[in-house]
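Quick caveat: nothing in here was measured; it's all calculated off a predicted structure.
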Amino acid sequence: MKIKYLYYFGTLLLFLGLLWMFLPHTAHDIILNESEQSSHLFHTFEGAFIAIVGIVIMVISNKLENKNK
C-alpha cells in the first residue's frame, strides 16, 4: 500500500514540473517575487527536471508493485 502513495507522489511531482515548465514568464516573476529578470529557459529546465524526477519515481513504484505481486 505504501507503494501506491509513492506513485501518487510521483504523479504530483510530474504535474507540478509540467505546470512550472509551461507557465508564462510573467507568472514565474509573480510567484517568486523576482525583481530582476531571469531566463524563462532556466525555469523550463527546472520544470523538466522536476517532471523527470516524478516520472522516475512512478517507474520505480510500478516496478516495486509488480515485484510484490
Side-chain angles (χ1 to χ4, degrees):
M1 192 68 181
K2 260 187 169 176
I3 296 170
K4 283 224 184 243
Y5 292 119
L6 188 63
Y7 185 84
Y8 293 137
F9 178 68
T11 304
L12 180 66
L13 281 181
L14 175 62
F15 173 75
L16 291 175
L18 290 174
L19 181 68
W20 192 249
M21 279 177 64
F22 294 114
L23 275 177
H25 186 63
T26 55
H28 290 288
D29 292 339
I30 292 170
I31 291 170
L32 297 175
N33 294 324
E34 293 178 347
S35 59
E36 57 189 55
Q37 291 292 329
S38 60
S39 171
H40 182 67
L41 186 61
F42 182 70
H43 293 159
T44 303
F45 286 139
E46 287 175 339
F49 178 75
I50 294 169
I52 290 170
V53 168
I55 291 172
V56 168
I57 289 173
M58 291 168 64
V59 168
I60 291 171
S61 171
N62 274 341
K63 285 185 180 183
L64 290 174
E65 189 173 326
N66 289 338
K67 189 177 182 181
N68 288 337
K69 285 185 179 180

Using a 4.5 Å cut-off between side-chain heavy atoms of Ile, Leu, Val, Met, Phe, Trp and Tyr, which other residues end up in the same hydrophobic cluster as Leu16? Leu12, Phe15, Leu19

Each residue besides Phe45 in its hydrophobic cluster should be listed here, by chain and number; the cluster joins Ile, Leu, Val, Met, Phe, Trp and Tyr at side-chain heavy-atom distances under 4.5 Å. Leu41

With the side chain counted from C-beta on, respond yes when Lys63 and Asn66 share a heavy-atom pair under 4.5 Å apart, and no when they do not. no

Leu6, Thr11, Leu13 screened by side chain to side chain contact (heavy atoms under 4.5 Å, CB included) with Met58, the one that passes: Thr11

Looking at Ile55, Ile52, Val53, which one forms a side chain to side chain contact (heavy atoms under 4.5 Å, CB included) with Leu14? Ile55

Just jot down the side chain to side chain donor-acceptor pair (under 3.5 Å) partners of Glu46, sequence neighbours excluded, or say none. Trp20

Is it the case that the side chain of Ser61 and the backbone of Ile57 share a donor-acceptor pair, with hydrogens and angles ignored and the cut-off at 3.5 Å? no

